[in-house]
Asker: 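Below is the structure I would like to discuss, written out as structure tokens.
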Protein chains: 2
Amino acid sequence: MGEFELIRQYFAAAACARAGGDVVLGIGDDCALLAVPPGEQLAISTDSLTVGVHFPDRCDPYLLGQRALAVSTSDLAGMGATPIGFTLALTLPSVDPDWLAEFTRGLETMAAGCAMRLIGGDTTRGPLSMTLTVFGRLPAGAALLRSGARPGDLLCVGGALGDAAGALPIVLGERPADSAQASALLRRYWSPQPQLALGQALRGRATAALDISDGLLADCAHIAGASGVALQIEQARLPFSDALLAVAGAERALQHALAGGDDYLLAFTLPSAELPSLLDEGWPVHVIGRVSAGDGVQLLDSNGSAVTVSHRGFNHFKT
Amino acid sequence: MGEFELIRQYFAAAACARAGGDVVLGIGDDCALLAVPPGEQLAISTDSLTVGVHFPDRCDPYLLGQRALAVSTSDLAGMGATPIGFTLALTLPSVDPDWLAEFTRGLETMAAGCAMRLIGGDTTRGPLSMTLTVFGRLPAGAALLRSGARPGDLLCVGGALGDAAGALPIVLGERPADSAQASALLRRYWSPQPQLALGQALRGRATAALDISDGLLADCAHIAGASGVALQIEQARLPFSDALLAVAGAERALQHALAGGDDYLLAFTLPSAELPSLLDEGWPVHVIGRVSAGDGVQLLDSNGSAVTVSHRGFNHFKT
């Protein structure tokens with residue numbers, strides 16, 4: 001038995017690989033088998049992470065395992081789906097049992113938090129990279145698409161923006177990591193928490209939704225484009241964490257929020273009549289702007305003056 | 001818009017990316033959405049291919065696209081599933097429009113042949129590699145597992161073995177490619193045809209099945225282990241192509257069939273009462289041995305003497 005066959009068996013024995021629930025058959029045959037309850041549909045998303053591009057070389061494998069699954073699962077949150085499971089295609093330059101144990105522990109931690117199971121995968125030799133494909137279910141017709149935003153809707157986000165981008169200089173060792181604020185940002189970078197419960201709560205209420213992975217402006221442009229509407233973002237309403245403001249200052253915090261990416265929070269549009277009940281139920285809903293007729297994304301600065309921002313236009317903020 | 005975003009749009013526009021059928025939503029949102037008909041289950045399999053490991057550098061991108069999808073889809077055939085679609089996570093060192101056009105053309109050719117659609121994916125920068133996740137459906141309880149072989153069953157394969165392994169020296173440029181026989185072997189390596197129709201015909205008839213990817217002995221050991229039985233393979237019954245016998249000779253042909261891998265034909269076990277109707281219907285069923293009580297895989301040579309062959313034991317044939 002080759003060492004990569006041993007790794008397959010190792011993953012098959014991992015705590016997150018047990019069958020049950022909607023997983024009829026997990027690791028070990030030609031395919032995994034999922035049951036989809038009557039009246040429900042299956043949501044599927046794939047993400048690849050490559051060393052040196054999406055994560056630094058020699059990063060903590062436990063944190064990498066957590067982050068890889070969180071990044072992928074966040075797409076299920078953006079559809080309002082209930083997670084079922086995931087496959088992992090892992091390419092490794094060599095077999096390091098300690099690395100594998102820690103990576104798997106990180107995966108298991110995030111999988112347990114998201115109620116997901118590892119249902120299959122592949123293990124090959126090559127430069128370190130991984131592709132995760134995640135599966136969720138949701139009632140037919142209930143998916144939160146990008147295309148349903150309507151003029152008059154509120155534009156909202158699910159939490160404080162820019163923390164992950166603010167953490168990046170710390171991740172790369174360019175800034176010190178020894179403060180409580182730096183630790184808080186690092187947690188948001190390495191262990192983003194997919195907003196699965198919020199996504200499910202938005203079913204039938206939000207008119208459009210996605211998870212913020214490319215930065216607020218770029219992701220809002222996705223909603224605007226798919227829905228055929230314009231989005232206005234009021235700069236003064238953008239929520240920031242105290243940690244980000246302390247580490248990066250107000251101006252860089254704004255840049256991180258608008259263009260940074262990696263937040264893995266939900267952005268969504270909502271008829272205003274839906275807002276009170278969501279707030280009553282305690283969901284983290286921050287109104288940051290609104291939807292109007294037109295196209296593109298506009299940022300309204302603190303003086304109320306508008307700067308038209310295109311999909312590519314956020315270089316404006318990188319000066 | 002970055003060049004990798006352009007590639008995403010390129011794939012979204014590919015002929016194999018059109019929605020329809022069981023694909024409720026294809027490329028372009030956070031997730032794809034699949035409908036699974038009532039009473040059916042979803043079969044899922046993931047495979048990674050890395051340059052220098054699974055295919056040579058500078059290989060024909062059209063052939064690579066064909067082969068990548070065929071290799072993955074063969075796992076659906078091994079379960080008896082009806083294909084629905086696939087996701088593609090593609091990692092590229094740089095953007096070469098000619099390469100992409102040819103690769104996509106190869107994907108489209110195989111996708112059309114298998115009635116599959118591209119439903120989503122990811123495109124990232126890094127050393128050339130790809131992970132395909134394929135989706136199929138089949139009636140609940142009808143999947144062809146590895147675990148159902150019973151003593152007395154016949155052991156069968158779906159076609160001539162060893163051609164892909166016989167092609168490998170030609171693929172690697174170690175043997176000439178300029179004969180009709182070499183061309184035939186190269187076709188079997190680059191464009192294996194997943195035995196989807198055969199797999200579906202075996203539902204309710206075969207007791208165990210898989211697709212041969214690791215070589216006949218290793219894959220038969222998977223059936224034997226999962227089913228808790230022994231398999232006897234009669235060497236004289238192994239089917240070979242004229243092309244393989246001409247290029248490799250009888251002895252190497254046997255080695256290729258037993259240990260070579262990459263055939264992507266089905267191996268399956270069958271109550272003998274099922275054989276006549278399958279042959280009447282014209283399915284390519286070759287009986288190569290039988291199932292008995294015990295464990296492991298035995299090869300019976302042309303003299304009728306048995307050589308016990310373990311999962312690792314086929315080094316015996318590599319002398």
Side-chain angles (χ1 to χ4, degrees), chain A residues 1 24-25 28-36 38-54 74-79 81 87-91 119-127 129-131 133-136 138 140 143-147 209-211 226 311-312, chain B residues 1 24-25 28-36 38-54 74-79 81 87-91 119-127 129-131 133-136 138 140 143-147 209-211 226 311-312:
Chain A
M1 187 180 302
V24 179
L25 187 71
D29 214 301
D30 288 340
C31 294
L33 293 174
L34 294 186
V36 179
E40 303 225 338
Q41 294 174 339
L42 200 78
I44 300 167
S45 179
T46 293
D47 283 289
S48 286
L49 302 177
T50 300
V51 68
V53 180
H54 302 95
S74 183
D75 282 318
L76 295 178
M79 295 297 267
T87 60
L88 167 69
L90 183 62
T91 302
I119 63 169
D122 196 9
T123 316
T124 56
R125 187 184 297 276
S129 68
M130 59 201 69
T131 297
T133 305
V134 294
F135 306 96
L138 73 185
L144 303 174
L145 306 183
R146 300 177 176 191
S147 53
L210 48 62
D211 73 312
H311 184 72
R312 303 169 69 170
Chain B
M1 188 181 303
V24 179
L25 186 70
D29 214 301
D30 288 340
C31 295
L33 293 175
L34 293 187
V36 179
E40 303 226 337
Q41 294 174 340
L42 199 78
I44 300 166
S45 180
T46 293
D47 282 288
S48 286
L49 302 177
T50 300
V51 67
V53 180
H54 302 95
S74 183
D75 282 317
L76 295 178
M79 295 296 268
T87 60
L88 168 68
L90 183 61
T91 301
I119 63 168
D122 195 9
T123 317
T124 56
R125 187 184 297 276
S129 68
M130 58 202 70
T131 297
T133 305
V134 294
F135 306 96
L138 72 184
L144 303 174
L145 306 183
R146 300 177 176 191
S147 53
L210 48 62
D211 72 311
H311 184 72
R312 304 168 67 171

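Lettering of chains follows the sequences in order, A, B, ..., and the numbering in each one begins at 1. For clarity, every value in this text was computed on a predicted model and none was experimentally measured.
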Asker: For a quick test of reading the model, state the closest non-hydrogen atom pair linking A:Val53 to B:Arg125 and the distance between them.
Answerer: CG2-O, 3.3 Å
Asker: Below 4.5 Å, heavy atoms only, C-beta onward: do B:Leu34 and A:Ile44 meet side chain to side chain?
Answerer: yes
Asker: Please evaluate residues A:Asp211 and B:Asp30 with respect to the criterion side-chain contact (heavy atoms from CB on, under 4.5 Å), reporting the C-alpha separation (whole Å), side-chain torsions for both, the decisive distance (0.1 Å), and the verdict.
Answerer: CA-CA 8 Å; A:Asp211 73 312; B:Asp30 288 340; 3.6 Å; yes
Asker: If we define contacts as heavy-atom pairs under 4.5 Å, which of A:Leu76, A:Leu49, A:Thr133 has the most with chain B?
Answerer: A:Thr133
Asker: Indicate the atoms forming the closest heavy-atom contact of A:Arg146 with B:Asp29, along with that distance.
Answerer: N-OD2, 2.8 Å
Asker: Among A:Ala43, A:Ala77, A:Ala81, A:Gly28, which has the most heavy-atom pairs under 4.5 Å with chain B?
Answerer: A:Ala43
Asker: Out of B:Asp122, B:Thr123, B:Val24, return the one with the most heavy atom pairs under 4.5 angstrom to chain A.
Answerer: B:Asp122
Asker: Run the side-chain contact (heavy atoms from CB on, under 4.5 Å) test against B:Ala143 and tell me which residues pass, sequence neighbours left out.
Answerer: A:Leu33, B:Met79, B:Leu138, B:Leu145
Asker: If the condition is side-chain contact (heavy atoms from CB on, under 4.5 Å), which residues does A:Ser45 pass it with, not counting sequence neighbours?
Answerer: A:Asp47, A:Asp75, A:Val134, B:Cys31
Asker: For A:Ala209, is it the side chain, the backbone, both or neither that has a heavy atom under 4.5 Å from a heavy atom of chain B?
Answerer: backbone
Asker: Does any heavy atom of chain B fall under 4.5 Å from the side chain of A:Pro38, the backbone, both, or neither of them?
Answerer: neither
Asker: Can you tell me which portion of A:Leu25 sits under 4.5 Å from chain B's heavy atoms? Options are side chain, backbone, both or neither.
Answerer: side chain
Asker: What part of B:Ser48 is in contact with chain A, defined as an atom under 4.5 angstrom from a non-hydrogen atom: side chain, backbone, both or neither?
Answerer: both
Asker: Determine the option with the most heavy-atom pairs under 4.5 angstrom with chain A, choosing from B:Val51, B:Leu144, B:Thr50.
Answerer: B:Thr50
Asker: Out of B:Gly52, B:Gly78, B:Gly39, return the one with the most heavy atom pairs under 4.5 angstrom to chain A.
Answerer: B:Gly78
Asker: Is any side-chain heavy atom of B:Val36 less than 4.5 Å from a side-chain heavy atom of A:Glu40?
Answerer: no
Asker: Is it the backbone or the side chain of B:Ala140 that comes under 4.5 Å from a heavy atom of chain A, or both, or neither?
Answerer: neither
Asker: Between B:Leu88, B:Thr91, B:Leu210, B:Leu90, which shows the greatest number of heavy-atom pairs under 4.5 Å with chain A?
Answerer: B:Leu210
